[in-house]
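Step one of this worksheet: look at the structure below.
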Protein chains: 2
Amino acid sequence: MAVTRSDVARAAGVSPAVVSYVLNNGPRPVATHTRERVLAAIDELGYRPNAIASALRGGSTQTVGLLTPNRSNPFYGALAEEIERTLTEQGYLTLTASTYGYRSSEERLLQTFIDRQTDGLIITSGVSLSGPALSGVEQSVLVLEERPESPLSTLSMDDEGDAARAVDHLQVHGHDLIGCIVGPPYVSTDGLRLSGWREQQRRTGRPASDGLVALADAGEEGGYQAAGLLLSEHGRPWAVYGRRPTALFVASDVQAFGALHACWELGLRVPDDVALVSMGGTRGARFTIPPLTTMRQDVEYLARSACTRLLEEIRTPGLPPAHVRLTGNLVVGHTCGCSPYGVIRR
Amino acid sequence: MAVTRSDVARAAGVSPAVVSYVLNNGPRPVATHTRERVLAAIDELGYRPNAIASALRGGSTQTVGLLTPNRSNPFYGALAEEIERTLTEQGYLTLTASTYGYRSSEERLLQTFIDRQTDGLIITSGVSLSGPALSGVEQSVLVLEERPESPLSTLSMDDEGDAARAVDHLQVHGHDLIGCIVGPPYVSTDGLRLSGWREQQRRTGRPASDGLVALADAGEEGGYQAAGLLLSEHGRPWAVYGRRPTALFVASDVQAFGALHACWELGLRVPDDVALVSMGGTRGARFTIPPLTTMRQDVEYLARSACTRLLEEIRTPGLPPAHVRLTGNLVVGHTCGCSPYGVIRR
DNA sequence: GTGAAAGCGCTAACAA
DNA sequence: TTGTTAGCGCTTTCAC
């Protein structure tokens, strides 16, 4: 059995309450020499307060739950890493769980977090925000998704606008037949990026039919398959336009890695035969061959903002919900056509 | 205030104990109609048992702590993802934390896990295994590192042997001046991979001096820098051998991504000018240009084995420690020279 | 088959 | 300044 507070009290010749007062610096003052006796006893016995008991008594669990679709995608990976780091600095521990896009998992995991009295929740794919799980939640919740009307605070990237601006950049290079690789449908973000592509194409009078869209699995493989589908001579979903798309908008860097590989296999030169712009701005985007032009979303900043805001809400219950939207920046690499000869060094 | 067990008991017209009997299917039987009344009350009130209270009373926390050096490296990312998935299936939640190689973080985080009464711990970088934190731990601990003498169970990849076999493959292709990119030094794994390269080179009478080694940061950037250092005409750490290394052994896939990029920038053809073999077998390795030849370590299997074993130890306290070592498989891509013309499709 | 009651280790109000 | 004590919500033994 572990050392308890009573053991310390006995060893120091004081009451258990005094031990608490020393540990928590309050709520009552403790005489200096008593405090020292207590600290000595703690040290000697190797006493560690029982976090569970403290949490039950009404304190906090010093824990935040983080719900993401998955972990292996670099976007969510980087997000989780930075959130975890920031929270750790603040003395919180992070409980993570992945939904893999299943709404049922989402509700179940959310409920598990709630049952464990996490002090706060950060949710990335908020399909079940209106579901039963979140109604009447007592902890602070932050949603990383655009929901201006939500009673919960939201913090999001401008996925639709960012996508539109990425597509615009391809249009500026003279492309009008622009394919779109997005997916998987369960990630709401991808829906917005798809809209961004579609709206930008429509607004500027360019084609935006489903024949130009390939829904892909997350991951390199998904992008590889999708690019193969959109670009190869077999199948030719673009047949109605009489020519192959000259550019691809790819909704995530990782999928773009796969798409680049597909181009390489098909013998298509990037950006000469096929230009390519993706979204994400992951670390790896600088190191593809050639380096990706990508709409960089500052995940680290997003993560830190989320933590800051969440901790504020935890410390100050009853704050009105905040809604913040962050905008991406285009990082120009070699796949869009800006630097076809690989001159630019970044 | 949330609904408590007493509320349910009152609503169902039974005592709180009966509610527990129903919820836990024991330890005492409950009459069918009573059970139904209780379940109805639970349903109606939306009662959820308080996990904290249950844990305090002596049950388990249904939580496992996972300590890794970081999260963004795909190896640890994939490991964590699979561990989390497996544990979730078994009804456990995963607490994750990253040490970033700092021993002090490691001890502190370990202690935090212990304070929270996690049912088990999975530790990847076990520098502090002998430290104070782990002495007298009551929960089950699994170490993902080679420690045959450890009183804790260990599960590891054969990093040294795998590295040696990767280097051997380059030697088979006729290379003898083989550079080595490893890092960062705080990851014990990298030390072993470095040894693997050195021993294999020595054993076969080939050079293994420090001039052929580049210590690199984790990540693409690290591999990029290191390859630049080892291959460029400036600096020429290989000057003593009169020629540039014709092959590189890279300790991780991600670093290899950077190294490939460096070759591309330097105008060196892979594998003709520089052959390359890395370790990891991450998903992305299939999609580089050209695809990597890499010593694949089956992280998913490692993760699942770890969970299985850990849960066994949790359920059966007092099991003697097990020590398992897994071996990698070379996945042949195009960077080693096996298929210089890109003929092979995998 | 069910209820009463003793704690798990802690915090904090209250008493001294 | 310090000690006493009442719970937090739950599990489980023991008595009925």
Side-chain angles (χ1 to χ4, degrees), chain A residues 1-42 45-63 111-112 114-119 138-139, chain B residues 1-39 41-42 45-63 112 114-119 138-139:
Chain A
M1 208 58 241
V3 181
T4 74
R5 190 188 52 150
S6 303
D7 299 331
V8 174
R10 205 172 313 119
V14 299
S15 85
V18 175
V19 179
S20 286
Y21 299 155
V22 171
L23 254 63
N24 310 335
N25 281 318
R28 309 254 50 114
V30 177
T32 313
H33 63 281
T34 314
R35 146 171 286 115
E36 273 161 12
R37 276 219 313 286
V38 171
L39 290 174
I42 287 175
L45 299 177
Y47 167 70
R48 305 273 340 186
N50 182 322
I52 306 273
S54 160
L56 176 60
R57 185 53 182 74
S60 77
T61 54
Q62 295 290 104
T63 304
Q111 191 59 64
T112 313
I114 294 170
D115 291 347
R116 297 184 183 223
Q117 246 106 296
T118 56
D119 294 338
E138 288 170 21
Q139 38 269 87
Chain B
M1 205 59 243
V3 180
T4 74
R5 191 189 51 152
S6 302
D7 299 331
V8 174
R10 204 171 314 117
V14 299
S15 82
V18 175
V19 179
S20 287
Y21 300 155
V22 171
L23 254 64
N24 309 335
N25 281 318
R28 307 252 51 107
V30 177
T32 312
H33 63 283
T34 313
R35 147 171 285 115
E36 273 161 12
R37 275 220 312 287
V38 171
L39 291 174
I42 288 175
L45 299 177
Y47 167 71
R48 304 275 340 187
N50 182 322
I52 306 273
S54 159
L56 175 61
R57 184 53 182 77
S60 77
T61 53
Q62 295 290 105
T63 303
T112 314
I114 294 170
D115 292 348
R116 300 190 181 215
Q117 246 105 294
T118 56
D119 295 338
E138 289 171 20
Q139 38 268 89

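The chains referred to below are lettered A, B, ... by the order of the sequence lines, with proteins before strands, and numbering in each begins at 1. A quick note: this is a predicted structure, and the numbers were derived from the prediction, not measured.
- Relative to the side chain of B:Asn50, the nucleotides D:dT1, C:dG3, D:dG9 differ in distance, and D:dG9 lies closest.
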query: Would B:Ile52 and A:Thr61 satisfy side chain to side chain contact (heavy atoms under 4.5 Å, CB included), going step by step from the backbone distance to the final call?
result: CA-CA 9 Å; B:Ile52 306 273; A:Thr61 54; 3.6 Å; yes

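- Whole-Å rounding puts the B:Arg37 CZ to C:dG3 C1' distance at 14 Å.
- Nearest nucleotide to the side chain of B:Ser20, out of C:dG1, D:dT12, C:dC10: D:dT12.
- If you take CD1 of A:Ile42 and P of C:dC10, they are 10 Å apart, rounded to a whole angstrom.
- Residues forming a side-chain hydrogen bond (donor to acceptor under 3.5 Å, both in side chains) with B:Arg116 (at least two apart in sequence, or on another chain): A:Thr63.
- Rounded to whole angstrom, the span from the CD atom of B:Glu36 across to the P atom of C:dT2 amounts to 12 Å.
- Place B:His33 and A:Arg48 on DNA chain C by their nearest nucleotides, and B:His33 ends up nearer the 5' end.
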* Determine, stepwise, if the pair A:Val38 / A:Arg35 fulfils side chain to side chain contact (heavy atoms under 4.5 Å, CB included). => CA-CA 5 Å; A:Val38 171; A:Arg35 146 171 286 115; 5.7 Å; no

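- Using a 4.0 Å heavy-atom criterion, one finds that A:Ala17 contacts the bases of the nucleic acid, with or without backbone contacts as well.
- A:Pro49 comes within 4.0 angstrom of sugar-phosphate atoms only, judged by non-hydrogen atoms across all strands, and of no base.
- Where B:Val18 and B:Leu56 each meet DNA chain D at their nearest nucleotide, the meeting point lying more 5' is that of B:Leu56.
- Taking the side chain of B:Arg57 as heavy atoms from C-beta on, and the options C:dG1, D:dT4, C:dC8, the nearest nucleotide is C:dC8.
- Going from atom CD of B:Gln117 over to atom P of C:dC8 covers 14 Å, rounded to whole Å.
- For A:Val14, whose side chain is taken as the heavy atoms from C-beta onward, the closest listed nucleotide among D:dG3, C:dG9, D:dT1 is D:dG3.
- Looking at residues two or more places apart in sequence or on another chain, you find no side chain to side chain contact (heavy atoms under 4.5 Å, CB included) involving A:Ala40.
- Atoms OH (B:Tyr47) and C1' (D:dC10) sit 7 Å apart, rounded to a whole Å.
- Taking atom CG of residue B:Asn24 and atom P of nucleotide D:dC10, one finds them 10 Å apart after rounding to whole Å.
- Residue B:Thr34 has a polar side-chain atom (N or O) positioned under 4.0 Å from OP1 or OP2 of C:dT2.
- For B:Ser54, whose side chain is taken as the heavy atoms from C-beta onward, the closest listed nucleotide among D:dT2, D:dC10, C:dC10 is D:dC10.
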Look for any protein N or O under 3.5 Å of an N or O in nucleotides 14-16 of chain C and output each such pair with its distance, or none.
none

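- Atoms CZ (B:Arg10) and P (C:dA4) sit 13 Å apart, rounded to a whole Å.
- Taking atom CZ of A:Arg116 as the reference point, atom C1' of D:dG9 lies 16 Å away to the nearest angstrom.
- The salt bridge (charged side-chain N to carboxylate O under 4.0 Å, His left out) analysis of residues 13-22 of chain B, with sequence neighbours excluded, yields no pairs.
- B:Asp7 pairs by the salt bridge (Lys or Arg N to Asp or Glu O under 4.0 Å) definition with B:Arg10, not counting sequence neighbours.
- Every residue two or more places apart in sequence or in another chain that forms a salt bridge (Lys or Arg N to Asp or Glu O under 4.0 Å) with B:Arg48 is listed here: A:Asp115.
- Here the closest non-hydrogen pair linking A:Ala9 and A:Pro16 is CB-N, 3.6 Å.
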